[in-house]
Amino acid sequence: MKIDPKTFVHDYQLNICIQCGTCTGGCPVKFRSPLNMRRLVRETYLTDNFSSLSKRAELWACTTCSTCSLRCPSGVKNVELIMGIRNFLANKGEIPSTIRDALENTLLQGNPWGRFRDRRADWAKDLGVKIFGEETSETLLYVGCAPSYDPRVQSVSTALVRIFQKAGVDFAILGKKESCCGNEIRRMGEQALFKKLAKDNTALFKKSGVKRIITLSPHCFNAFKNEYPDLNIPVQHYTQVLADLIGGGKLHLSKGLGISATYHDPCFLGKQNKVFDEPRKILASLPGCDFIEMERSRERSLCCEGGGGRMWAEGGTEGKRNGEIRIREAVALGAKTLATACPFCLLTFEDSVKTSGLAEQIVIKDIAELVVETMG
Amino acid sequence: MKQIGVYICHCGTNIAATVDCEELVRFSSTLPGVKIARDYRYLCSDPGQDLITKDIRNLSLDRVVIAACSPRMHEATFRNLLSDAGINPYLLNIANIREQCSWVHQDRQKATEKARHILRAAVARVLGHEALKTRKFGIQPSTMVVGAGIAGIQAALNIASGGMKVTLIEKAPFIGGHMAQLDKTFPTLDCSSCIFTPKTVEVTRSRQIELLVSSEVTEVTGFVGNFKAKIRKNPTYVDFARCTGCGDCVEACVLKKGVPSEFEEGMSRRRAIYIPFPQAVPLKAVIDRESCLLLSKGKCKKTCVEACKAGAIDFDQKEEVIEKEVGSIIIATGYDPFDPHLLPQYGYGVYDNIITGLQFERLSSPSGPNRGEILLKDGTVPRAIAFLHCIGSRDENANLHCSRICCMASMKQAHLAKEKTGAEIYEFYIDINAFGKGYQEFYKRVREEGIFFIRGKGSEIFKRGGRLVVAAEDTLLGTPLEIPVDMVVLGTGLTARRDADKVAQTFGISRSADGFFMEAHPKLRPVATQVDGVFLAGCCQSPKDIPDTVAQASAAAAEVMSLLAKGEIEVEPTVATIDPELCAGCKLCIEICPHSAIEFLEAKGISSVNEALCKGCGACTAICPNKAARQNHFTHTQVLAEVEELVG
Amino acid sequence: MNIIVCVKRIPKTAEADILIEKDGKDIKRDHLVFALNDWDGYAVREAVLLKEKFEGEVTVITIGPEESKEVLTRCLAMGADRAVRIEGPSSSDGHLIARILAQAIKGQSFDLILTGVQAEDDGWGQVGVALAQILGLPHASIVTHIEIERDKAKVRRELEGGIEELLEVKLPAVLTIQTGINEPKYVSLSAILDAEDKETKEVGMEEIGFSSKGPLDATIDQVSFPPTGKMAEILKGSPEEVVGQLTEIIKKKKG
Amino acid sequence: MNEIFILVEHRQGQIRDLTYEMLGLGENLANQQGISFTAILLGHDVKNFAEDLATRVPKVLVVEDENLKNFNSILYQKALSSLISKHQPCLLLMGHSAFGMDLAPSLSVEMDFPLATDCIGLLFEGGRLKATRSIYGGKVNANISLRESKEYIATIRPGIFSPKMPGEKKGGIVMEASPLQGAVDLKKFIEYIEAPITGEDITQAEILISVGQGIGGPEHIPLFEELAKNLGGTISCSRPVVDRNWLPKERQVGISGKTVKPKIYIAVGISGAFQHVTAMRGSDTIIAINKDPRAPIFGVADYGIVDDFQNVIPVLKEKIKG
């Protein structure tokens, strides 16, 4: 499959750009990389040397948070353009080595880290979780790659299982058969691999008799909800499910936390999919949790830089990471806990807490972890 | 023997470039009943029309087919020609070979072939045309103007000064609309109330104008010259005849914390009984149902009643329905400012000191909450202010249209802010729209005053270190910026009224894609609507500044007066009739008629069309199972003859 | 310049859990993913780079069962022009493999044969050099750089201790390619899907005229997990505590 | 059963350590079989090598030829095949090194001897050679049997066997006539290339912070450079890091890179392949930081931290600074 950059103008509506700069102005990496979305649109529109344009390292700085596209007054598909250029590069094989590894790993092992396929459900070994194939359920808890393999995020997976079990939610996981959702794969430019994952996963879900999907990661949530062409199975992010469970009195939260917490909106949950209220509802309902709102919240949340393949991309940015800025904002607010609901946010913040030397002052928690703590 | 003349128009090259006109002439000559066929460069020109007139006379033609542009363009022109030449104008048929043929095709041969079909059908149809007579009706010499902002007031005053009756209806308890809220007006910096108050006062003085405030039109029936309107007058719980506007009741109102004042755009609060603003016309107190403790909760000490020496307060006041018969209607319902809550990235409603343009006007107005001082919420003077253009305008996520006035309004406000506070001022803009008289000069002046113009749309506003930060890109430098300021004024656009759809339904008019009311023709009939006798003025049609609004209002008034001056109107004879012999009385036509023009004659057990109400839409003829309903000029025979030739 | 590259499909074990078959003669393979041997990937890429420079054709050859076709497809997606699969055992016996390959290659016209230095799985590192000997060609192993000068190749070989040697080898020759010789290119799934449409030649042993099947040089008697030696003292606690202990150790050992 | 041959590996005027290790292994095997072992020294002007070797083996066979000055597999093969034909040893040992790997397979084909490469254990059992090899990236050891043969060749993994130390007895030095007739055209040695050291010399460093592929990407390199600076150490790395151009070749610790013996070696995100371990196990204190508790590096380290480096290094960096 050849990608023809000449079609980009039409495909991504580059010709209707009025060069207002709304995209660049709101870009979370505008000070951290030479990426200038407005100029990129213009240059792609005018260029007669696309291949040189496509070689710029800053194209990998984009986190695909979609702030630019969501705010664009003209409907230019900026983020799709970035993905289109990356797709062009991927098809030519000219992508950074770390991205290459992530994509090859996904094709081979079903996860971008290249961790062993069979070890995907190891985290759930002693939790008494049903696994499709061995047992059945109508509800799939789709775990995702980071929550399956990363020790830090595994604790979120475990927490969620405990909560569901306590609340009597009937669910099962796919175990070793689960594969990457492809959300980040598409954003790293591998459209064909994304399509394959979407097709294979859809077939697997249907074969397993799944009637409802709950995801841990907003990234998987986004892929299933918006980008899987033939899924037709309702998808929820776990915060939506927990908010319902708490609202419906299905969860007894008794143990006081004694914390002041703030919440960081993950881009793929908030901005892009408008799930703003449920996480806040959960936090507000936790006993002994004093919820403080951040200055930059909801649609104005500052991207943590974990998305769009940035977990695997090298460099392209300089200066203080947004993760650190976020941590500092939270500390300045007087929050002792920074809560989020996304594995990538969790990981980038955990990094930033250490690099900023603020580990004494604030802890990073996923909402599911906080909920489990209050269950006593 | 019928004698048809066929005329093919070249329309310069509009038609001739794509359609072989000579071939059409040759072809037409072979069609049955055609006596003569000719082509000409511009048939609508004087020599073109002469050519046809002469033929009619010399060759005794009794029917004419014009193959040219759309009938919407020139049907009236050629009907007049037929009339003048002595034959019934309805014996004309227009074959549209421009919009439906030459303009939409490129292949000359195929286009010519299609034109032949169109022409053949037109000739077949005209053979069945019947002579019809137009109908005439009398006209009520009065007008209803809906909305009493600057547009409605201007139109009402113009008509009244012409000596005709006007009923001016305003939903709010006072007149003046948005212009009454403004501080100064661009580019001349006239004080808005100084130039506007005389007009509002004149409204109350005029004997020709009946002013109904707190009123809404709920139903309109009838047709041009003979509209019947139902108007609901909402209770104000104050007898205006007695109220002196002294304000004692307001002081007495127990709702001390008040509710946000609509007139002050929420920048200050009012009580449940209130006088909207000191210059309000009429200067009467009104009670707001929602906030009045007695009316909403049924419990109050009624201190206002005690305080009113005139005994004007009347909690028993009920809603009233007034019926009016008018000859014409002007709709001047104005606009709603864009609600910036819809674009959460601007932090409106999250942070203090982020205000809309209209809120700034109140802030800057000497009669406003700060008596004209531009201060932050904490009472201090801002050191830096940002003005953001295009908030809610030119935006796929809000409104696609340009609101036209915001660039100028924003620059005017920037000027005022600079003058009053000396703050650093930033204008974040995409393009500067300085299109009016003296506007570009004003733009230059403001630049000279030292205001920073940043070419880049504000992307978001957040708070850092206690100050507001505007994030944007200086697109001319290609540099992202984050500029700390103390106040942000959002140049909010103009949108159609929230209830525009309801209003459009009430008056039977339509709306364009932007939500504003649609004019009859965007260039040639910008004041009229598709409903005869209903006209538009001001921002209800599209965003405009005060001079344009006043001009359109005057134009609407002129249209009304020329209509009313005629005393009677002619109505197209293309109405439906129901053949009493064929009607089975099934009433399907009555159900479907959108104009309620068909009644059921109980005695005879059949339906009958009221020709005065019939608009000739044809719905009844289509639904009638017995073919009893028949529409003049669109009879089954005429239409079928045309269709047969088209598909044949 | 026509180049033949010999490749192998191997199981990826770096991240995997290793289990030993009941008979104790090999590891279990069912649950493993298979891929193109890393070294061979570099060899194919190098061949394609040389082809782009000097024109010609790149032919990839593998010996193995049906499944081996997938690595050939990958090579085609990488830019190889032709692919040949010899139906046969994915044996570890280097001499046998070298003899089969030699038989298949004999009589073909080529300027260069490339193989990986070794295979990721059994790491014998002998096929390339053995093949050269059978075909009577000069060879160079562990090659990290190739420059073609008419009928000669100037190659660098990686030696121990961060040193390389520069050699001149007459063409045609066999070179075994070391990792890092080039920058691998990403092979997109769409390129692989496109390559699936390209033909892979499949031949049996008899077709290439290979018959002699003497005793294998080497047979596996038993595989086992290596004995675990002394283990490091694992520092435990929160990162801060761990770093605390670590700093003490560093201070002490620094002297 | 005849003697065991051990091919002496030397380069740039030095006998390589692996030679002594093979001599140690050769002696053991010879003792078990009750046979002798002989060092085969091919080279030019290698008298001093012969003297050295003679202190460790009963016999040194020397072929002096100026064409054997530098390693060339074709010439070595010729010299060796002629010696083998003459002496018919039961086993020829070579290093599993750049030389042995270039030579053993072709020689074994020429002579039709069974070959075992990269051996970490060797023994004769009933006249048949059995070898232990480390396969699947070191995850499994395989015991293999070679087919019955009078003569075998095996290449030996460096760093496994104890070197043979000089003894009291002095072996004999036997000069063999060179079977070579001049140089060959097919393959010519031109020169050694050593990457110039542009930064600090890692072999001289007292403290090394060594990074592997596990650090994820080159964007983390500055963090380690800072840590190294705070510690007064130097940054080094494993092979994949060089293959990916995250750091220059001169920083590579490993068989194909530098062998290092610092006071403190901190390995971060390095799994511990033998090629790496062999080149750093001489360090006084080894500290390993790795996410994977099963990483082989913990088998050689003195202290280990099982955690993501990102949880540890930034804290360490600050702590050391303060």
Side-chain angles (χ1 to χ4, degrees), chain A residues 1-3 86-111 113-120 122 149 152 176-177 179 182 185-186 188-200 312 350-351 353-355 357-360 363, chain C residues 9-19 27-38 41-42 44-45 48-49 52 67 70-71 73-80 120 179-197 236-244:
Chain A
M1 191 176 60
K2 281 267 189 299
I3 305 291
R86 290 179 181 177
N87 189 205
F88 171 83
L89 293 173
N91 277 15
K92 289 215 306 179
E94 291 167 0
I95 52 175
S97 59
T98 47
I99 300 284
R100 184 182 72 221
D101 291 348
L103 296 177
E104 278 172 3
N105 285 336
T106 306
L107 180 62
L108 220 53
Q109 299 280 16
N111 69 84
W113 284 280
R115 306 296 298 278
F116 187 40
R117 224 178 238 283
D118 279 15
R119 228 177 268 153
R120 193 166 178 114
D122 279 10
Y149 291 112
R152 176 64 190 88
K176 318 176 180 183
K177 286 200 210 114
S179 261
I185 302 305
R186 184 164 174 265
M188 285 189 268
E190 239 301 14
Q191 306 268 9
L193 181 53
F194 169 75
K195 275 185 201 149
K196 177 180 157 57
L197 291 168
K199 201 173 140 214
D200 295 353
W312 301 277
E350 285 287 6
D351 275 7
V353 151
K354 276 135 209 161
T355 53
L358 289 168
E360 308 276 317
V363 292
Chain C
R9 176 175 179 268
I10 49 90
K12 295 301 257 189
T13 50
E15 286 279 344
D17 288 325
I18 301 298
L19 305 166
I27 60 169
K28 286 196 167 146
R29 289 169 168 245
D30 296 350
H31 66 306
L32 299 178
V33 294
F34 286 74
L36 176 63
N37 177 32
D38 202 22
Y42 281 94
V44 174
R45 174 84 183 125
V48 170
L49 287 172
E52 282 168 6
E67 300 89 85
E70 74 189 30
V71 300
T73 304
R74 186 178 180 83
C75 296
L76 289 170
M78 290 170 81
E120 279 173 72
T179 55
I181 186 172
N182 49 44
E183 170 73 27
K185 213 168 149 179
Y186 177 65
V187 187
S188 72
L189 184 61
S190 55
I192 293 173
L193 295 176
D194 285 351
E196 275 176 4
D197 297 337
K236 294 219 163 93
S238 70
E240 286 69 29
E241 292 163 6
V242 165
V243 166

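The model shown is predicted, which means the values in this text are computed figures rather than measured ones. Just so we're on the same page: letters track the sequence lines, and every chain starts at 1.
- Note that OH of Y186(C) is 10.5 Å distant from CD1 of I99(A), once rounded to the nearest 0.5 Å.
- With a threshold of 4.5 angstrom between heavy atoms, R74(C) approaches chain A through side-chain atoms but not through N, CA, C or O.
- When all heavy atoms of A90(A) and S188(C) are compared, the pair lying nearest together is O-CB, 3.4 Å.
- For chain C, the nearby parts of L193(A) are the backbone and the side chain; heavy atoms of each come within less than 4.5 Å.
- Counting heavy atoms from C-beta outward, W113(A) and E15(C) have side chains that stay 4.5 Å or more apart.
- Side-chain contact between F116(A) and L32(C): present, with at least one pair of heavy atoms (C-beta onward) separated by less than 4.5 Å.
- Under a cut-off of 6.0 angstrom, the local environment of NZ in K196(A) is sparse, with at most 12 non-hydrogen atoms contributed by other residues, nucleotides or ligands.
- Looking at E104(A), both its backbone and its side chain come within 4.5 Å of chain C, counting heavy atoms on both sides.
- Taking all atoms of both residues into account, the shortest heavy-atom contact from E190(A) to L189(C) is OE2-N, 2.6 Å.
- Most heavy-atom pairs under 4.5 Å with chain C, from the set R115(A), E360(A), R119(A): that is R119(A).
- With hydrogens and angles ignored, the 3.5 Å screen pairs a side-chain donor or acceptor of R100(A) with a backbone N or O of P184(C).
- Contact annotation for K176(A): neither backbone nor side-chain heavy atoms come within less than 4.5 Å of a heavy atom of chain C.
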